There are 2 protein chains.
Amino acid sequence: MQALKYSRQRESIKELLMARHDHPTADMIYTDIREIYPNISLGTVYRNLSLLSDIGEIKKITTGDGADRYDADTHPHNHFICRLCKNVMDLKMEDIGYIKKSASKDFDGIIEDYSVIFYGICALCKDCHKEH
Amino acid sequence: MQALKYSRQRESIKELLMARHDHPTADMIYTDIREIYPNISLGTVYRNLSLLSDIGEIKKITTGDGADRYDADTHPHNHFICRLCKNVMDLKMEDIGYIKKSASKDFDGIIEDYSVIFYGICALCKDCHKEH
DNA sequence: GTTTTTGCAAAGTATTTGCAAATGG
DNA sequence: CCATTTGCAAATACTTTGCAAAAAC
């Protein structure tokens, strides 16, 4: 039975993640957190991101291209990834939670969760024909 | 400009993928295809899966846990992943293509595509309380 | 004959893990 | 003190790549 003990590193990772909204990778977080804890290791960052994700305090976003991203916003919302600049952004759109019911309808198992990612070209890349 | 040349290996990979519906990984395909082409290399499998995916003949499924899966069925449909047995299965459900319109509504960029994955416990794992 | 594809091996990413030392409760 | 977490380094998992030879056209 594993009791959770406080750690400054974990706290700092979560704070950092709550302060930004660009869905950073473990490595981006590692780089930033080193300014506060210069000796923190990448392994610790990965371990804490996994742990926070397991207990539901953050969300892992698997993009299908490169490293996983992390998001401190656990409210139901969807993401968009620009195929040019690769930025991961929040999408403002109406709730589509009912697709879960839709999926459950003729299914014998249990649908617990779902994740949606939209792909395309972001506003900036659309206008400039280059990456951002 | 790159012209596409026939290759038996590529053809075989596509046939194999069309014959099965379990969304295999590159490595599973590699193992199977070796019974036909014992000298095929894993690199060739990866290269062809990428190529087929790029030209839209197959679909890559990124699961967020382990290797990517591949699917020869390119019709719009959604997938379910059991968090116990990790199987990736097709979901029979009504079309939810309108979430794309929903996402486009207040978005300045271009939504080209989307992918949905449902997570939970499959019927078999639900009944047996163990993996399959 | 020129271009594309292959097999092989090596390299490249992303992530996890073993372990002794440090920290938390 | 005992359990958990850390830093470090090594290991692992997955995928891509350089290159000379083979195959396609």
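Keep in mind it's a predicted model, so treat the numbers as computed, not measured. Here is the naming used below: chain letters follow the sequence lines, and residue numbers restart at 1 for every chain.
A:Y46 comes within contact range of at least one nucleobase, with a heavy-atom separation under 4.0 Å. Within the 4.0 angstrom heavy-atom criterion, base atoms lie near A:R47. Among the atoms of the strands shown, none is found under 4.0 Å from any heavy atom of A:D27.
Atoms CG (A:L42) and P (C:dG18) sit 17 Å apart, rounded to a whole Å. For the pair A:D54 CG and C:dT16 C1', the interatomic distance rounds to 13 Å; values are reported in whole Å. One can place CZ of A:R34 at 15 Å from P of D:dT6, the figure rounded to the nearest angstrom. Atom CG in A:L51 sits roughly 12 Å away from atom P in D:dT4 (whole-Å rounding). Following rounding to the nearest Å, A:R8 (CZ) and C:dT23 (P) show an atom-to-atom distance of 7 Å. In this structure, A:Y30 places its OH atom 16 Å from P of C:dT16, rounding to the nearest Å. Atom CD1 of B:I33 is separated from atom P of C:dT6 by 11 Å (rounded to the nearest Å). As a whole-Å value, the separation of A:I40 CD1 from C:dT23 P is 14 Å.
A close approach under 4.0 Å does not occur between any side-chain nitrogen or oxygen of A:S7 and OP1 or OP2 of D:dT4. The side chain of B:Q9 places no N or O atom within less than 4.0 Å of a non-bridging phosphate oxygen (OP1 or OP2) of D:dA23. Of the side-chain N and O atoms in A:N48, one or more sit less than 4.0 angstrom from OP1 or OP2 of D:dT6. Not one side-chain nitrogen or oxygen of B:S41 sits closer than 4.0 Å to the OP1 or OP2 atom of C:dT6.
Salt-bridge formation is detected for the pair A:E112/B:R83: a Lys NZ or Arg NE/NH1/NH2 atom is positioned less than 4.0 Å from an Asp or Glu carboxylate oxygen. A salt bridge links B:R20 and B:D32; the closest N-O separation between the charged side-chain nitrogens and carboxylate oxygens is under 4.0 Å.
Among residues two or more places apart in sequence or in another chain, the ring pair (Phe, Tyr, Trp, His ring centres under 6.0 Å) test is passed with B:H23 by B:H79.
Other members of the hydrophobic cluster containing A:I111, listed by chain and number, are A:F80, A:M89, A:L91, A:M93, A:I96, A:Y98, A:I99, A:F107, A:Y114, A:V116, A:F118, B:F80, B:M89, B:L91, B:M93, B:I96, B:Y98, B:I99, B:F107, B:I111, B:Y114, B:V116, B:F118; membership follows side-chain contacts under 4.5 Å among ILVMFWY residues, whether direct or relayed.
When the nearest nucleotides of DNA chain D are assigned to A:Y37 and B:Y6 by heavy-atom distance, the more 5′-ward of the two goes with A:Y37. Across the interface with DNA chain C, nearest-nucleotide mapping of B:P38 and B:L4 shows B:L4 to be the residue nearer the 5′ end. If you find the closest nucleotide of DNA chain D to B:D68 and to A:N39, the one lying nearer the 5' end belongs to A:N39.
The salt bridge (Lys or Arg N to Asp or Glu O under 4.0 Å) test with A:K59 singles out one residue from A:D68, A:D113, A:D73, and that residue is A:D113.
You'll find that the side chain of B:K5 is closest to C:dT4, out of C:dT4, D:dA3, D:dC8. Here the nucleotide nearest the side chain of B:T44, chosen from C:dT5, C:dG7, D:dG7, is C:dG7.
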